[in-house]
Amino acid sequence: MNAVTSRAVKTRFAPSPTGYLHIGGARTALFAWAYARRHGGKFVLRIEDTDIARSTPEAVQAILDGMQWLGLAHDEGPYYQTQRMMRYKEVIGQMLAAGTAYHCYTSKEELDALRAEQEAKKEKPRYDGRWRPEPGKVLPVPPSGVQPVVRFRNPTEGVVAWDDQVKGRIEIANAELDDFIIARADGTPTYNFCVVVDDWDMGITHVIRGDDHVNNTPRQINLLQALGAPVPLYGHLSMILGDDGTKLSKRHGAVSVMQYDEDGYLPEAVLNYLARLGWSHGDEEIFSMQQFIEWFGLDHITSSAAQFNTEKLNWLNAHYLKLADDARLGQEIRRRLVREGVTETAVPDPAEIAALYKDRVANLNELADSAHAFYVAAHPSDELATQHLTEAAKAALADLADRLGRLAGADFVPETLAKTLKETLAATGLKMPQVAIPLRVALLGQPQSPAIDRVLAVLGRDEVLRRLARTLS
RNA sequence: GUCCCUAUCGUCUAGAGGCCUAGGACAACACCCUUUCACGGUGUGAACCGGGGUUCGAAUCCCCGUGGGGACGCCA
């Protein structure tokens, strides 16, 4: 057991605040979080905001909001890289003194020229080491008035290798790497350097991150070794593709996790979906986060990219909706109706409507839409009215209204209502659908609804009679 | 161009050399249930990228193609 694995597990999620928390970031966070929970370790949130031009406080807040909505609580942080500049400068100073880093005076223009030249020769563009000190090598004279960058003195021979916890062993020749910049001319440190110092200082044992960082890993390992720091274990998660199989972008798919809230998804459904995207535990499809934590491990993570499938998310959402507490759903209905300007939602209790509809809708917005007609009487379209509210139907509704009017409010329970309905059927000689469908149109403005006796019960005596009277007048 | 990763039903995946006539789930379709529409239940169709090896035996191991993705920044 090496120095890293003998330490208590500590993972991190390290987004850069240049936008919202999207679905790919959310899954990375979920896996890192679950791994820490699984092993009784700690989960760190670190905001990588060294790109001051692109980082915004709004984006930081958006990430925090997304994490909170998903319930992925961190144990440490959030740390901000912009608040750790002193530490980075200190380490850069040490590396310069130790000779593991050096000043480079090559200008951007010279670098561009070098790159163009290499590309013309079909070579991999890389820094040529012109300012790299070597024994016996005479360095150029530093041009006056030029602020140098600091470059890492990367090993030139051998290979960097690590056993990726999801992809298996990966080896990269040092010859493929160049002396990358760790501090810009203005003195600010760059990404690969900050990550290394942070992972070291924060005692990160398992770096679980996106696939796009595989190429950074050998550089980071070399840096860690130059610093004499322990090398954490790495696990690289493959990316999530959009619904259409192409890379997620803002044009399609790469929406904020908060958009899922907006679209009526339950966080537990999104979490379950994400957990199952690129990870599996046999045939298990539906499980709680508690169960997920027990099962989760870095083995059984798929190493190829996964395509996002909204249909399956919808299915999971519908499932969790059926399980959800009525009062909670009532709150969600209320929240959405208020947004549409429907503020009178005391009677009927939205929780009762939720109970009526939750096993027939796929998301909270559909639930709220269904509830809408209970608070705001909807006039059926002319088409529906001519089709369903025929003279015969109206006669039956009149008969029913008369019978319902004789019931007390307390008698408005499904059993009694079903019995009353049958009395009307007997009196008119009609079949159930011939009365129930016009009744739905009259009450809710649409020909489909849950069991009509339950709808009548939830709507209540006064409202039912009022709406029937309006239809019959 | 160079380097790295990757490849099972339309989609997410199971599969660790014989348990595979390739399993589950979403979606699709059919039927059943039904007071409408849903929900639900039952069932059907649907895949190992191609070519070479290794082996008594390959979806599984190796190599080569091909497809897909990523990286090659004084971005993160």
Side-chain angles (χ1 to χ4, degrees), chain A residues 14-18 48-51 53-55 81 104 106-108 111-112 115 118-127 147-151 164 166-168 170-173 175-178 180-192 194-195 210-218 236 238-239 241 243 245-247 273 276-286 299-300 302-316 318 322 357-362 366 370 388 418 421 425 431-437 439-441 446-453:
Chain A
S16 58
T18 54
E48 309 213 322
D49 54 354
T50 51
D51 185 351
R54 291 200 298 153
S55 300
Q81 291 186 325
C104 168
T106 313
S107 69
K108 288 184 188 179
L111 250 19
D112 287 344
R115 192 170 302 129
Q118 288 165 331
E119 279 171 7
K121 282 193 282 182
K122 306 264 189 203
E123 284 171 5
K124 186 171 184 168
R126 44 140 75 84
Y127 176 65
Q147 282 299 314
V149 299
V150 178
R151 286 187 184 270
D164 196 277
V166 343
K167 290 179 183 292
I170 298 178
E171 290 186 8
I172 288 167
E176 290 296 328
L177 274 21
D178 65 357
F180 59 96
I181 292 169
I182 59 175
R184 303 178 182 96
D186 66 3
T188 57
T190 60
Y191 171 75
N192 278 122
C194 297
V195 166
D211 214 342
D212 47 334
H213 289 291
V214 168
N215 294 277
N216 289 323
T217 307
H236 290 96
S238 56
M239 65 186 303
L241 269 26
D243 231 335
T246 63
K247 192 187 168 185
Y273 178 73
R276 195 61 190 64
L277 193 60
W279 173 85
S280 62
H281 183 78
D283 290 339
E284 301 292 344
E285 294 288 351
I286 293 174
D299 45 358
H300 291 104
T302 314
S303 44
S304 55
Q307 192 170 317
F308 193 88
N309 185 217
T310 307
E311 302 277 11
K312 191 162 180 183
L313 206 213
N314 288 344
W315 168 70
L316 278 167
K322 291 181 184 70
Y357 282 89
K358 70 178 179 181
D359 59 0
R360 36 192 306 126
V361 296
E366 286 179 18
S370 299
H388 298 289
L421 222 34
L425 293 186
K431 299 283 185 202
M432 183 59 98
Q434 294 172 298
V435 176
I437 293 177
L439 183 54
R440 289 185 171 96
V441 171
Q446 53 191 11
Q448 295 97 33
S449 84
I452 193 62
D453 45 0

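On a predicted model such as this, the values are computed, not experimentally measured, just so you know. Chain A is the first sequence line, chain B the second, and so forth, proteins listed ahead of strands; every chain is numbered from 1.
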Worksheet item: Given that A:Asn216 and A:Ser449 both sit by RNA chain B, which one's nearest nucleotide is further toward the 5' end?
Response: A:Ser449
Item to complete: Would you mind classifying the nucleic acid contact of A:Ala306 as base, sugar-phosphate or nothing, using non-hydrogen atoms under 4.0 angstrom?
Response: sugar-phosphate
Discussion item. Can you measure A:His300 atom NE2 to B:A16 atom P for me and round it to whole angstrom units?
Written reply: 9 Å
Practice prompt. Please determine, for B:A14, whether a Watson-Crick or G-U wobble partner exists with both distances under 3.5 Å, and give it or none.
Written response: none
Response to the item:
Taking B:C74, B:C12, B:C26 as options, the one with an atom nearest any side-chain atom of A:Trp315 is B:C26
Worksheet item: So, do A:Asn216 and A:Tyr191 sit near enough that their side-chain heavy atoms are less than 4.5 Å apart?
Response: yes
Fill in: Earlier contact from the 5' end, RNA chain B, for A:Gly278 and A:Lys122
A:Lys122
Item to complete: Check every strand shown and say whether A:Val214 touches a base, only sugar-phosphate, or nothing at a heavy-atom separation below 4.0 Å.
Response: sugar-phosphate
Practice prompt. Nearest whole angstrom, please: distance from the P of B:A38 to the CG of A:Asn314.
Written response: 16 Å
Worksheet item: Reckon A:Lys431 touches a base, only the sugar-phosphate, or nothing at all at heavy-atom distances under 4.0 Å?
Response: nothing
Worksheet item: Does a side-chain N or O from A:Ser280 land closer than 4.0 Å to OP1 or OP2 of B:A14, or not?
Response: yes
Discussion item. What does the B/S/- profile of nucleotides 62-69 of chain B look like, 5' to 3', with a 4.0 Å heavy-atom cutoff to protein?
Written reply: -------S
Practice prompt. Check every strand shown and say whether A:Lys167 touches a base, only sugar-phosphate, or nothing at a heavy-atom separation below 4.0 Å.
Written response: sugar-phosphate
Worksheet item: Residues two or more places apart in sequence or in another chain: which of them pass side-chain hydrogen bond (donor to acceptor under 3.5 Å, both in side chains) with A:Asp212?
Response: none
Fill in: Quiz item: A:Glu119 side-chain donor-acceptor pair to B:G1 base, under 3.5 Å
no
Discussion item. What is the distance, to the nearest angstrom, from the NZ atom on A:Lys108 to the P atom on B:G73?
Written reply: 13 Å
Practice prompt. Could you tell me whether A:Ser370 contacts a base, only the sugar-phosphate backbone, or nothing, with contacts defined as non-hydrogen atoms closer than 4.0 Å?
Written response: nothing
Worksheet item: Which residues satisfy the side-chain contact (heavy atoms from CB on, under 4.5 Å) test with A:Val214, sequence neighbours excluded?
Response: A:Trp162, A:Lys167, A:Ile170, A:Asp211, A:His236
Worksheet, complete the sentence: Across every strand shown, the nucleotide meeting Watson-Crick or G-U wobble geometry with B:G1 (both distances under 3.5 Å) is B:C72
Worksheet item: Rounded to the Å, how far apart are A:Asp243 CG and B:A27 P?
Response: 13 Å
Item to complete: Name all residues meeting the side-chain hydrogen bond (donor to acceptor under 3.5 Å, both in side chains) criterion together with A:Gln147; count only those two or more places apart in sequence or in a different chain, and write none if there are none.
Response: none
Item to complete: Go through the structure and list residues passing salt bridge (charged side-chain N to carboxylate O under 4.0 Å, His left out) with A:Arg126, not counting sequence neighbours.
Response: none
Worksheet item: To the nearest angstrom, how far is A:Tyr357 atom OH from B:A38 atom C1'?
Response: 11 Å
Practice prompt. Mind checking the SG-CG spacing from A:Cys104 to A:Leu111? Nearest 0.5 Å is all I need.
Written response: 7.0 Å
Item to complete: Using a 4.0 Å heavy-atom cut-off, write out nucleotides 30-35 of chain B from 5' to 3' as B (base contacted by protein), S (sugar-phosphate only) or - (no contact).
Response: -----B
Worksheet, complete the sentence: Rounded to whole Å, NE2 of A:His236 lies from C1' of B:C5 at a distance of 11 Å
Worksheet item: Taking any strand in view, what nucleotide pairs with B:A7 in a Watson-Crick or G-U wobble way, both distances under 3.5 Å?
Response: B:U66
Worksheet item: Hey, does A:Glu285 reach any base, or is it just sugar-phosphate, or nothing, if we go heavy atoms under 4.0 Å?
Response: base
Fill in: Touch class at under 4.0 angstrom, heavy-atom based, for A:Arg115 against every strand present
sugar-phosphate
Discussion item. With side chain to side chain donor-acceptor pair (under 3.5 Å) as the test, pick out the partner of A:Lys124 among A:Glu176, A:Glu119, A:Gln118.
Written reply: A:Glu176
Discussion item. For B:U13 and A:Thr302 - does any side-chain N or O of the residue sit under 4.0 Å from the phosphate oxygens OP1/OP2?
Written reply: yes
